[in-house]
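Heavy atoms only: backbone and side chains are in, while hydrogens, waters and symmetry mates are out. As the structure is a computational prediction, the values presented were derived from the model and not from experiment.
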Amino acid sequence: MPLNLASSPAAAAKVCAGVRASPRHLLPRALDHQSRRVLSLSSSSSAGRAAGVRAMAAAEAGASTATQAKSSGVKQALISLSDKTDLAYLGNGLQALGFSIISTGGTASSLEAAGVNVTKVEQITNFPEMLDGRVKTLHPSVHGGILARRDQEHHLKALNEHGIGTFDVVVVNLYPFYNKVTSGVISFEDGIENIDIGGPTMIRAAAKNHKDVLVVVDHEDYPALLEYLQGKQDDQQFRKMLAWKAFQHVASYDSAVSEWLWKQSNKGDVFPPNFTVPLSLKSTLRYGENPHQKAAFYGDKSLSVVNAGGIATAIQHHGKEMSYNNYLDADAAWNCVSEFESPTCVVVKHTNPCGVASRQDILEAYRLAVKGDPVSAFGGIVAFNTTIDEDLAKEIREFRSPTDGQTRMFYEIVVAPGYTEKGLEILKGKSKTLRILEAKRSGKGMLSLRQVSGGWLAQESDDLTPEDITFTTVSERAPQDSELSDAKFAWLCVKHVKSNAIVIAKNNCMLGMGSGQPNRLESLRIAFRKAGEEAKGAALASDAFFPFAWNDAVEEACQNGIGVIAEPSGSMRDGDAVDCCNKYGVSLLFTGVRHFRH
C-alpha cells in the first residue's frame, strides 16, 4: 500500500541549499583479477597495451580513492531507478549531505546530466554489465555492502578483507512490469524481459538490513529521507516504516508477475491454487458500517481489474467524502444500471434497487424510478447509464416527492457515466453534500471475492443477461410479446435484489419489490403492497423457485392478477406450479437460472 512519508518538501529542500557538494569518493575496492585480465587480453597489440596501461592506472586510482573513502568514513548511497521522477532533487540533496553516489546505467547518466558526481556500479564490481542488462548489480561488492551488519565485527572484517565498502542508503524502483503488461498486447517474451531481478534483490537486502541501511522505493519519500539524514537522531521507527514499504512494494510487484504468469500458463482455470490480491489504500473513512467501527477504502491493483471500471475507480466531482455505506450503495446502484442497454435510471436504498425504469426519454425514466417507491428513494442513491445534461440535472435538482408533491427529493449520491459542463454545474447547486460520481461501466468476467471468518469465497461474477438464457413456456397460455418483455425486465431487476427476492414489473418499469425475507411468500406480499393495482397484468420474477404452489406464493400471485411468472424451476413441485397457473390462465416461464444474492 503506498504510504507518503514525506513531511515537507520545503523542509527537505533546505538540506540542499547553501551546502557545497563534497568531493567524489569511490567505494573501497581492491585491484582484482578482472583488471589483470584486461591487461593480459590487451597485450597482443600496442593499442591493447595502451588500453591495459589505462585500465591498470584507473584501477590503481580507484583503489587509492577507495582507501581514502574508507578511511574518511564517507557515507555511500546506491541509486538505481526505472522511474526517475525527482532524481536530480534526490541526487543533489544526497551529494550536499556529503554522500558518495553509486549508480547504474541510465540512472547514472541522468545524475551526471544533473551535475551530480557519480561512480558507476561496474567501477566497484570491476565487472561489466552483461546479458543485455540482466546482470549488473548481482555481485558481492554490491550485496556485501548492503547486507553487512555494522554491529558485527566479523562482518566488517570480511568487507575489509575483500575491499568492499558499506552502503547507507539504497534507492531503487523496478522495471515497469505492471504498466507493460496492461498497456495492450504484449508478447510473452517481452513480458518476461520486463521482470526485474536485480532491483527486488537489492530492495529486499536493504529492507532486511534496515537498521543500518535506509531503503526508499517511492519518489514521494525523497524529502522525508533528506530531512531524516540531516537530523542527528537515529529514528528506528522511520527505518522500519521504509523497510515495510519496501517489502510491500516488492510483494505487489511479485503478485502482478504471478498473476500474469498464471494466466499465460493456465488459460482455462479460473481459480489458482494460491494467489495474492494487491490492495492500495485510497482513503481512510470516517467510520465503517456503524460509527463505532473504523474503516478504510482500498483499490484493487490486480491485473484483471485494470480498465474494469466500477465505483472503485469513479471520479468524485462534488460533495461530502464517501462513507463505507456510500461505497456499498453506489456499487449496487451502478452494477444494476450498467446491466441495461436502453436509457435507464436506478434508485437504490441499502444496496437494494427500490426503483428501476427504462425509457427513451431519460427524464421520464427518472420520474418513474422514483415513483416506484418514493419513500425509500428519499435519501437514496440515483444512478443513470446516460450522460446527465442540463435538462436532466434540473429535473434531479427540482423534482418533488410523489408522496406530497412538495418535498424536494434528497439523495446521498448521483452516479453516471458522464456529465455535460452545464449539467454538472446545475447538479452541484442541489446540495453542498451531494456526492456526484462519474464512473466507467463495470467490466464483465471478474472474479468475485467475499470474506468469511478465517477465509474467502471466490466465484465468477454473475454476468448473465436475458439474452443469454431461454425463457421456456411451460403453461398452457403463452405470454404475449409485451408480457415476455416485461418478464425479461423483471428478471434483470430481481438479479440485483437481496434474496428472497421478488420483482413485479410492467412496461420496463419496476412496480414493486420484496427483498431479504426468510420466506419467499413474505417477499411476494411486500412486492404486491408496493405495486398496488398496477400489478394486474404485470410480470413477476423470482430469484429462485417457489417451493409450493397451492395456497402459497404461486396461487397468491395468480389471484392478484399477475399475467406472467418467471422462475428458475427445479422444485419437485414444478407440476403444481404449472397446474396452478393453468387454472388461473397465467403464463409460467422457466428460466433455468437462479439468482441468489446475499
Side-chain angles (χ1 to χ4, degrees), residues 329 332-333 336-337 339-340 344-359 364-383 399-407 409-412 482-483 485-544 546 552-567 584 586 595-597:
D329 289 338
C336 184
V337 80
E339 293 267 25
F340 295 87
T344 300
C345 175
V346 170
V347 184
V348 159
K349 192 70 166 286
H350 296 304
T351 73
N352 277 303
C354 57
V356 183
S358 296
R359 289 289 187 278
E364 184 185 0
Y366 165 63
R367 298 184 195 112
L368 289 171
V370 175
K371 183 183 174 184
D373 187 350
V375 175
S376 297
F378 194 88
I381 285 77
V382 59
F399 189 67
R400 270 36 180 189
S401 173
T403 56
D404 60 12
Q406 296 181 353
T407 304
M409 290 299 295
F410 162 75
Y411 304 115
E412 290 278 353
S482 60
E483 290 177 319
S485 177
D486 289 340
K488 290 180 178 180
F489 182 89
W491 183 89
L492 198 51
C493 292
V494 83
K495 172 181 174 180
H496 294 272
V497 178
K498 284 192 175 181
S499 300
N500 286 309
I502 298 292
V503 164
I504 298 171
K506 183 193 290 184
N507 193 21
N508 292 329
C509 179
M510 189 168 81
L511 305 176
M513 53 79 78
S515 66
Q517 299 303 307
N519 70 77
R520 197 161 302 280
L521 180 58
E522 191 60 34
S523 289
L524 180 135
R525 287 170 176 168
I526 293 172
F528 271 109
R529 282 203 300 272
K530 291 181 178 180
E533 288 300 312
E534 291 185 85
K536 295 188 183 303
L540 182 150
S542 174
D543 66 338
F546 291 105
D552 207 276
V554 175
E555 186 169 27
E556 198 162 310
C558 293
Q559 289 171 341
N560 276 281
I562 281 293
V564 57
I565 297 174
E567 64 147 310
Y584 290 93
V586 173
H595 270 316
F596 274 168
R597 178 170 173 254

Lys/Arg N to Asp/Glu carboxylate O, Asp543 vs Arg520, below 4.0 Å:
yes
Between Lys506 and Glu483, is there a side-chain N and carboxylate O pair less than 4.0 Å apart?
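Answer for the salt bridge query: no.
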Could you state the interatomic distance from [atom1] ([X]) to [atom2] ([Y]), rounded to the nearest 0.5 Å?
| X | Y | atom1 | atom2 | answer |
| --- | --- | --- | --- | --- |
| Leu521 | Ile502 | CG | CD1 | 9.0 Å |
| Arg400 | Gln406 | CZ | CD | 9.0 Å |
| Lys530 | Leu511 | NZ | CG | 12.0 Å |
| His496 | Asn352 | NE2 | CG | 11.5 Å |

Is there a side-chain contact between [X] and [Y] in this structure, where contact means two heavy atoms from C-beta onward sitting under 4.5 Å apart?
| X | Y | value |
| --- | --- | --- |
| Asn560 | Glu556 | yes |
| Tyr584 | Glu555 | yes |
| Val347 | Ile381 | no |

Applying side-chain contact (heavy atoms from CB on, under 4.5 Å) to Val346 and Val382, what does each step give before you reach the verdict?
CA-CA 6 Å; Val346 170; Val382 59; over 6 Å; no
Can you classify the ring geometry of Tyr366 versus Tyr411 as parallel (below 30°), tilted (30 to 60°) or perpendicular (above 60°)?
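Judged by the thresholds at 30° and 60°, the geometry between Tyr366 and Tyr411 is perpendicular.
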Short side-chain donor-acceptor distance under 3.5 Å, Ser401 and Asp404:
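Ser401 and Asp404 do not have a side-chain donor-acceptor pair below 3.5 Å.
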Spell out, as yes or no, whether a donor-acceptor pair under 3.5 Å connects the side chain of Ser523 to the backbone of Asn500.
yes
Kindly say whether Ala501 contributes a backbone atom to a donor-acceptor pair with the side chain of Ser499 at under 3.5 angstrom?
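The answer is no, because no donor-acceptor pair under 3.5 Å joins these two groups.
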Aromatic contact between Phe340 and Phe489, with the criterion being ring centroids under 6.0 Å apart: yes or no?
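Centroid separation for Phe340 and Phe489: below 6.0 Å.
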